[in-house]
Structure formats: structure tokens, C-alpha cells
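See structure below.
In each ligand, atom 1 is the first atom listed, and ligand 1 is the first ligand listed.
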Amino acid sequence: MLKTIEVTANYISERIKGEVEVGIILGSGLGGLVNEIEIATTIPYKEIPNFPVSTVDGHNGTLIYGKLGGKNILAMQGRFHYYEGYAMKEVTFPVRVMKKLGIDHLIVSNATGGLNPDYKVGDLMIISDHINMFPEHPLHGPNINELGPRFPDMSQVYCKELRDKAKFIALKNKIEVKEGVYVGVQGPTFETPAEYRMFRILGGDVVGMSTVPEVIVARHMGMKVFGISIITDSGVPGEIVEISHEEVQEVAMRSEPSMTLILSNLIARMR
Ligand code: HPA
């Protein structure tokens, strides 16, 4: 594992020829942030040794290196989902590589179904915490002590300081944001009304099929994490309508400019 991480990190390092501070993983329909990046290098995943290849429509599968908010960033346009058939070690491998490249801040974005009745389709939510409902844990198996501890602390997964900064940026720019709990599920089915209701009772504000694995691995290695969700459909009783992946992407794209504004300003204010 350590050797594999090193080989991939060395390859990327040679291609980008520079330092990198912030890693970004872009969710479904949220690739528009890329237009704000002063791009220096793009690397298709298929050229990267040991990288899995993304299989879902709307997930491009490109690593982008460049400047955003005055900092050197590495953005993943397209992530690896558990439902695609990857093992959790594969889903989270790029985060291991990011850390090896010197990245200590990880930003994740995603599309979600809203569970909180105060949330509307199109809303943005800063992730304050998560509930891991995936059937496989990304840290299952022998611990690699060089990467992080056997029993990682999860008392503050989503950095409070970054969340406060993001809320301040949103307020200043008159963007309404919610803050709440992300429930991570395996998918690929969207939830039944009874399942949405269950996740709300369990304490969730939104539900989605990604993020939790990557974030756990990032925290295992001590990275600072910021997560943001777009509510693309409603799981609130009485508001549930038939949805498709295309509709999810469409709503995500509409809310994307506000998310991009928050993220680029947040990166500029990262220390
Ligand atoms: N459920 C799970 N994942 C999702 C949803 C949803 O309603 N919307 C977008 N991703």
C-alpha cells in the first residue's frame, strides 16, 4: 500500500512540477468550479498509475492542478463511488495520494437528498458531521501506522474553523447556507420514503452516496476537512417526487456558482 501510494504520488508530482496545498473532490454536476481554476496541468485518471477509472456519467475523471483563491490546488473532477464496485481502499486511494503530495486540507462536495424539512431543493449545506452507513469501512484491515492511528478520533471531523469561515463568507455574499449532518449510504438506489424517514429519525439532515469514506481516510491521516452538500431532491414526507441522476445533476449545476464562490473564498482564507 505505502509503495503504491508513493508510485502514484511520484508520477503526479512529476507531471505537476510544483507544490500543492489543498485537495478538492468535486461531486456530481459540481465540476463547474474547474472554470474558476487557473489551470496549469490536467491529467486524465486513465494515465495515472494505480488510479481506478470513474464509470458514472457526469463524472469526468480528470485530475486538475492549478491555482484557486491564490493557492495551489489539486482537484478531482469525478470521484470513485462504492456503488461502482470499487473496494473502499480504491475509493479512498486518491486521498492517500493527496496527503503524500503534501496536501493537508481536503474539500469535498456532493449532491444529496434533503431530510430536514427546513431544507429546499437547491439549498447549500455545510457538513457539520456525518453518519457512516456504508457496509464496508475504509480502515478495515491491518492498520498502517505510518499513515495514522488504529483508532482515529472522530470528535470533530469537519473543521470548525473552516465551517465558521465558510458561514462568514456566505453571509457577506448574501448566500443562504444550512449546516447539518450528512448520512453516507452505499446506493445506487435512491431512498424509499420509509428509508428517508428512517435517516431523518437517525439524526441526518441530508443523505448521499459518497464523501464519508474519503473523509474518514483524510481524518485518519490528520488532514483538515471541509464538506459542502447541494440538496438536489427532497426526502421529506409529502415532498418526495420521482427523481433521476440527470435531475440531480441539473439541480447541482444550478446551485454550483454559489458553492464555487464560497469555496474559492474559503481557500483564499485558509492558513
Ligand atoms: N439519496 C442519496 N443520494 C443522493 C440523493 C438522494 O436522494 N440525491 C443525490 N444523491
Side-chain angles (χ1 to χ4, degrees), residues 24-33 54-61 76-86 88 91-92 107-136 138 158 177-216 226-260 263:
I24 308 174
I25 303 177
L26 297 167
S28 269
L30 297 171
L33 176 104
S54 190
T55 64
V56 198
D57 290 346
H59 298 263
N60 260 331
M76 287 179 66
Q77 193 176 25
R79 60 149 60 85
F80 304 108
H81 297 87
Y82 185 71
Y83 60 72
E84 291 175 83
Y86 302 114
M88 279 299 186
V91 170
T92 58
I107 295 175
V108 288
S109 69
N110 53 57
T112 59
L115 304 170
N116 186 324
D118 293 338
Y119 295 4
K120 303 179 302 296
V121 168
D123 277 354
L124 293 176
M125 188 197 85
I126 293 168
I127 306 177
S128 60
D129 202 352
H130 72 226
I131 297 175
N132 181 12
M133 298 296 285
F134 282 89
E136 185 194 334
Y158 301 87
V177 283
K178 314 285 193 200
E179 187 173 22
V181 175
Y182 178 100
V183 182
V185 296
Q186 65 170 316
T189 46
F190 292 112
E191 287 66 35
T192 64
E195 287 165 346
Y196 281 124
R197 205 175 339 119
M198 172 182 74
F199 291 133
R200 179 63 185 154
I201 291 166
L202 289 180
D205 292 295
V206 296
V207 56
M209 306 175 199
S210 65
T211 299
V212 168
E214 296 106 309
V215 164
I216 288 175
F226 178 80
I228 188 160
S229 297
I230 291 184
I231 289 94
T232 56
D233 51 276
S234 179
V236 175
E239 293 177 12
I240 300 169
V241 292
E242 197 177 319
I243 46 161
S244 66
H245 181 59
E246 289 66 32
E247 283 164 311
V248 164
Q249 284 179 279
E250 217 177 279
V251 177
M253 266 185 263
R254 264 188 273 135
S255 297
E256 202 265 347
S258 301
M259 190 196 80
T260 295
L263 293 184

(request) Could you tell me whether the side chains of Thr211 and Asn110 share a donor-acceptor contact shorter than 3.5 Å? (result) yes
(request) Could you please spell out the steps behind the side-chain contact (heavy atoms from CB on, under 4.5 Å) verdict for Asp205 and Arg200? (result) CA-CA 6 Å; Asp205 292 295; Arg200 179 63 185 154; 3.0 Å; yes
Expected output: side-chain [X] to main-chain [Y] donor-acceptor under 3.5 Å:
X: Tyr182; Y: Ser210; result: yes
X: Ser229; Y: Ala111; result: no
X: Glu256; Y: Leu33; result: yes
X: Thr232; Y: Thr112; result: yes

(request) Report the C-alpha distance between Leu263 and Phe226 in whole Å, list the side-chain angles of each, state the deciding distance to 0.1 Å, and finish with yes or no for side-chain contact (heavy atoms from CB on, under 4.5 Å). (result) CA-CA 9 Å; Leu263 293 184; Phe226 178 80; 3.6 Å; yes
(message) Quick test of your reading of the structure: of Gln186, Gln249, Glu191, His245, whose heavy atom lies closest to atom 2 (C) of ligand 1?
(response) Glu191
Suppose we measure from [atom] to each protein heavy atom; which comes out shortest, and what is that distance?
atom: atom 8 (N) of ligand 1; result: Asp233 OD1, 2.7 Å
atom: atom 4 (C) of ligand 1; result: Val207 O, 3.8 Å
atom: atom 10 (N) of ligand 1; result: Ala111 O, 3.3 Å
atom: atom 5 (C) of ligand 1; result: Gly113 N, 3.3 Å

(message) Side chain or backbone, does Val248 bring an N or O within less than 3.5 Å of an N or O on ligand 1?
(response) no
(message) Check for me whether Gly235 has a heavy atom closer than 4.0 Å to any atom of ligand 1.
(response) no
Which atoms of ligand 1 are found less than 4.0 Å from any heavy atom of [X]?
X: Thr232; answer: 8 (N), 9 (C)
X: Phe190; answer: 1 (N), 4 (C), 5 (C), 6 (C), 7 (O), 8 (N)
X: Met209; answer: 2 (C), 3 (N)

(request) Determine whether the side chain, the backbone, both or neither of Asn110 has a heavy atom under 4.0 Å from any heavy atom of ligand 1. (result) neither
(message) Assess the residue pair Arg79 and Val108 against the criterion (side-chain contact (heavy atoms from CB on, under 4.5 Å)); give the C-alpha distance rounded to whole Å, side-chain angles, the decisive distance to 0.1 Å, and a yes or no.
(response) CA-CA 10 Å; Arg79 60 149 60 85; Val108 288; 4.0 Å; yes
